[in-house]
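Written below as structure tokens is the structure these notes are about.
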Protein chains: 2
Amino acid sequence: MTTATSPRALEHPSREQISLEGVLHALSDAVRLRIVRDLAREGDALSCSYFDLPVTKSTTTHHFRVLRESGVIEQTYQGTAKLNALRKSDLDALFPGLLATVLTAAEAQADRQGVTERA
Amino acid sequence: MTTATSPRALEHPSREQISLEGVLHALSDAVRLRIVRDLAREGDALSCSYFDLPVTKSTTTHHFRVLRESGVIEQTYQGTAKLNALRKSDLDALFPGLLATVLTAAEAQADRQGVTERA
DNA sequence: ATGCTCGTACGATACTCGTCGTAGTACGGC
DNA sequence: GCCGTACTACGACGAGTATCGTACGAGCAT
């Protein structure tokens with residue numbers, strides 16, 4: 001509260017620091033995969049409160065942090081809210097087609113399971 | 001143990017039981033990703049002892065089991081050895097292009113990092 | 001200012017995972 | 001039969017993770 005007040009800096013890995021293992025691990029959780037799917041569907045930055053996740057706020061923060069630290073999303077402050085955006089260009093540059101393929105696979109799996117129970 | 005070809009039955013998930021999260025998690029470990037890469041490069045079933053991994057036998061067994069239980073590989077006994085093969089057709093049917101994309105990404109990352117240290 | 005909402009930090013807990021060593025089982029060769 | 005090779009099972013241990021509750025801070029509205 002002395003000097004660095006306004007921009008609460010969020011740590012993001014640079015493009016070179018993003019590892020495939022880290023990205024895959026970040027995507028290997030159902031909650032996080034759902035976040036990424038929503039992000040991709042909207043195609044725009046979304047606030048954390050946009051998501052209606054089956055976990056508490058603390059856990060939500062944790063998952064967003066995992067996604068950010070693995071390089072999957074970018075977080076920026078927007079007043080009291082925090083906007084989350086996919087790092088699509090970085091991911092596509094590093095691992096061409098990976099994001100799209102995973103997203104397609106996630107949709108396909110959701111369709112397979114969603115036939116019986118629709119939410 | 002006369003009629004049955006394989007007395008020691010290995011548990012494999014059926015195609016429907018394979019989950020995207022499970023596959024991504026299986027691939028999010030460096031050792032396992034390397035195994036899958038080797039398997040894909042050879043394009044054929046390989047015995048566990050083919051791989052020269054930087055871990056002990058126990059750990060190797062563990063990783064192969066994770067890969068098998070997630071549905072990424074299929075293991076069959078061949079005498080005293082155990083053959084490991086990618087479940088390429090199952091994975092392609094469930095998540096089209098996923099395996100190829102991840103493999104390509106892994107190669108790309110290996111190239112980026114392998115420029116300095118070549119083994 | 002006061003309060004409200006959004007999100008964070010911290011601590012706690014229980015569970016999973018990666019790793020190992022040792023002991024054991026199955027198969028094939030001598 | 002006996003031994004070596006290939007792999008497994010089991011137990012252990014440290015590290016990481018997913019979860020929560022509670023307390024706190026930052027910004028917006030009144």
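Scope of the values below: all heavy atoms of this structure, side chains included, with no hydrogens, waters or symmetry mates. Lettering of chains follows the sequences in order, A, B, ..., and the numbering in each one begins at 1.
When rounded to the nearest whole Å, the span between CD1 of A:Ile73 and P of C:dG7 equals 12 Å. When the C1' atom of C:dT25 is taken as reference, atom OH of B:Tyr77 falls 10 Å away, rounded to whole Å. Rounded to whole Å, atom P of D:dG16 lies 12 Å from atom NE2 of A:His25. Distance, A:Gln78 CD to D:dA26 C1': 14 Å, rounded to whole Å. Distance, A:Gln75 CD to D:dA26 P: 18 Å, rounded to whole Å. If you measure from atom CD of A:Glu21 to atom C1' of C:dC17, you get 16 Å, rounded to the nearest angstrom.
In terms of the side chain to side chain contact (heavy atoms under 4.5 Å, CB included) criterion, residue partners of B:Arg65 (sequence neighbours excluded) are, by chain and number, B:Arg68, B:Glu69.
At most 12 heavy atoms of other shown residues, nucleotides or ligands fall within 6.0 angstrom of atom CD in B:Gln78.
When distances are taken from the side chain of B:Arg32 to each of C:dT19, C:dG18, D:dA26, the shortest belongs to C:dG18.
Across residues 43-69 of chain B, B:Ser47, B:Cys48, B:Ser49, B:Lys57, B:Ser58, B:Thr61, B:Arg65 each have a non-hydrogen atom less than 4.0 Å from an atom of DNA chain D (numbered order).
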Starting from the C-alpha separation in whole Å, work towards a yes-or-no answer on side-chain contact (heavy atoms from CB on, under 4.5 Å) for B:Ser19 and A:Gln109.
CA-CA 8 Å; B:Ser19 79; A:Gln109 178 172 276; 3.9 Å; yes
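The main-chain N or O of B:Gln75 is found under 3.5 Å from a side-chain atom of B:His12 such that the two form a donor-acceptor pair. Of the possible polar contacts, none joining the B:Thr59 side chain to the B:Val55 backbone as a donor-acceptor pair under 3.5 Å is found.
Residues B:Leu86 and B:Val72 form a side-chain contact, since some pair of their non-hydrogen atoms from C-beta on lies under 4.5 Å apart.
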